[in-house]
Trainee: 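Just passing along the structure, written as structure tokens.
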Amino acid sequence: MKRIAALVLGSLLAAPAFAGGPMEVPVEPVIEPAPVVVAPTIDWTGFYAGGQLGYGDIGADGAPVDLDGDGWIGGLHAGYRHDFGSAVIGAEAAYDWASIDFGDEGNGELDDVMRLKLLAGGKIGRGLLYASAGAAWADASALGEDLSDNGYFYGAGYDYLVNDNWIVGAEILQHEFDDFDDSNIDIDATTVQARVSYRF
């Protein structure tokens, strides 16, 4: 009798737990991972062409008169760059017209400069910081003679990719012409130019 009473009592105590059926387990909310934003990859590979304009300063050693001078210089350029990921290399040809008088008394003038350039640099966001060097040719009139000679140059520049096609930048170059056209005159020229290029 005691056993029957215990079973009845146990059933009555357990009844409320089963009255509503099985207990529902709350569903955990699903948290979606935040989308990964990938910055667009800047690729400098391709051909480009454009123009440059700036200032040139010329010094001369060994001349019997003052051949130092400064003035404007500007022209056209075209080249190709290849992007290797972290580094960019390229080659470029440029031609500049110039209006730089030698000395204060019209002792001559630098007429034009042509360059063949190799460049190598690294990417900084949408920009490209690079070093360059190469061969240079120049035509000038000095001391009543037309002169021309070749030399070399080196320098640095920075280009910024405005969009997929347009590039703006600046460049500073140091040119050296030793014994210019067998005149026993050494000429050096520093140019600073702003550049605009179009990528094809």
Trainee: May I ask you to test the K123-V88 pair for a side-chain heavy-atom distance under 4.5 Å?
Mentor: yes
Trainee: Does a side-chain heavy-atom distance below 4.5 Å link L53 with Q193?
Mentor: no
Trainee: Treating D68 as the side-chain partner and A60 as the backbone partner, does any N or O pair qualify as donor plus acceptor under 3.5 Å?
Mentor: yes
Trainee: Just by distance, no angles: are the side chains of Y158 and E171 close enough, under 3.5 Å, to form a donor-acceptor pair?
Mentor: no
Trainee: Assigning hydrophobic clusters by single linkage (Ile, Leu, Val, Met, Phe, Trp, Tyr; side-chain heavy-atom cutoff under 4.5 Å), is L116 placed with Y152?
Mentor: no
Trainee: Locate the shortest heavy-atom distance separating H77 from V196; write the atom from each residue and the value.
Mentor: CE1-O, 3.8 Å
Trainee: Looking at every heavy atom in both I42 and W44, which two are closest together, and how far apart are they?
Mentor: CG2-NE1, 3.5 Å
Trainee: What are the two closest heavy atoms between A91 and L118, and how far apart are they?
Mentor: CB-CD2, 4.1 Å
Trainee: What are the two closest non-hydrogen atoms of A98 and I73, and how far apart are they?
Mentor: CB-CG1, 4.1 Å
Trainee: Checking the side chain of R126 only, and the main-chain atoms of L161 only, is there a donor and an acceptor separated by less than 3.5 Å?
Mentor: yes
Trainee: Supply the atom-to-atom distance I187 CD1 to L110 CG, rounded to the nearest 0.5 angstrom.
Mentor: 7.5 Å
Trainee: Starting at CD1 of I100, measure out to CG of D111 and round the result to the nearest 0.5 Å.
Mentor: 10.5 Å
Trainee: Under the criterion side chain to side chain donor-acceptor pair (under 3.5 Å), I'd like the reasoning laid out for Y48 against E92: C-alpha separation, chi angles, the key distance, then a yes or no.
Mentor: CA-CA 9 Å; Y48 63 94; E92 180 182 297; 2.7 Å; yes
Trainee: Can you tell me how far CG of D83 sits from CG of D43, rounded to the nearest 0.5 angstrom?
Mentor: 4.5 Å
Trainee: What I'd like to find out is whether the side chain of T191 reaches to under 4.5 Å of the side chain of I172, using heavy atoms alone.
Mentor: no
Trainee: Does R199 have any side chain to side chain donor-acceptor pair (under 3.5 Å) partners at least two apart in sequence or in another chain, and if so, which?
Mentor: none
Trainee: Let me confirm one number: the CH2-OG distance from W137 to S148, rounded to the nearest 0.5 Å.
Mentor: 12.0 Å
Trainee: Between Y55 and W72, is the ring centroid distance below 6.0 Å?
Mentor: no
Trainee: If we ignore hydrogens and angles and just use 3.5 Å, is the side chain of D96 paired with the main-chain N or O of G75 as donor and acceptor?
Mentor: yes
Trainee: Do R81 and F47 meet the cation-pi criteria used here (NZ or CZ under 6.0 Å from the six-membered ring centre, within 45° of the axis)?
Mentor: no
Trainee: Quick check on side chain to side chain contact (heavy atoms under 4.5 Å, CB included): which of L147, D139, N150 does D181 satisfy it with?
Mentor: L147
Trainee: Do L76 and M114 belong together in a cluster built from hydrophobic side chains that touch within less than 4.5 Å?
Mentor: yes
Trainee: What class does the angle between the rings of F177 and H175 fall in, given that below 30° is parallel, 30 to 60° is tilted and above 60° is perpendicular?
Mentor: parallel
Trainee: What heavy-atom pair brings A189 and I58 nearest, and what distance separates the two atoms?
Mentor: CB-CG1, 3.9 Å
Trainee: Quick one: do F200 and Y80 end up in the same hydrophobic cluster if we chain Ile, Leu, Val, Met, Phe, Trp and Tyr together by side-chain heavy atoms under 4.5 Å apart?
Mentor: yes
Trainee: Can you name the nearest heavy-atom pair linking S132 to F153, along with the distance?
Mentor: OG-CE1, 4.3 Å
Trainee: Could you state whether Y198 and V162 fall into the same hydrophobic cluster, counting links through intermediate Ile, Leu, Val, Met, Phe, Trp or Tyr residues with side-chain heavy atoms under 4.5 angstrom apart?
Mentor: yes
Trainee: Once rounded to the nearest 0.5 Å, what's the spacing between atom CG of D57 and atom CG of D70?
Mentor: 5.5 Å
Trainee: What's the verdict on side chain to side chain contact (heavy atoms under 4.5 Å, CB included) for Y95 and D112, showing C-alpha distance, side-chain angles and the deciding distance?
Mentor: CA-CA 7 Å; Y95 180 85; D112 54 45; 3.0 Å; yes
Trainee: Applying side-chain contact (heavy atoms from CB on, under 4.5 Å), name anything that partners I124, two or more places apart in sequence or on another chain.
Mentor: L129
Trainee: Tell me whether L119 shares a hydrophobic cluster with L173, the cluster being built from Ile, Leu, Val, Met, Phe, Trp, Tyr side chains joined at under 4.5 Å.
Mentor: no
Trainee: With no hydrogens and no angle check, is any side-chain donor or acceptor of D186 less than 3.5 Å from a backbone partner on D179?
Mentor: yes
Trainee: Does the side chain of S141 pick up a donor-acceptor pair with the side chain of E109 at under 3.5 Å?
Mentor: no
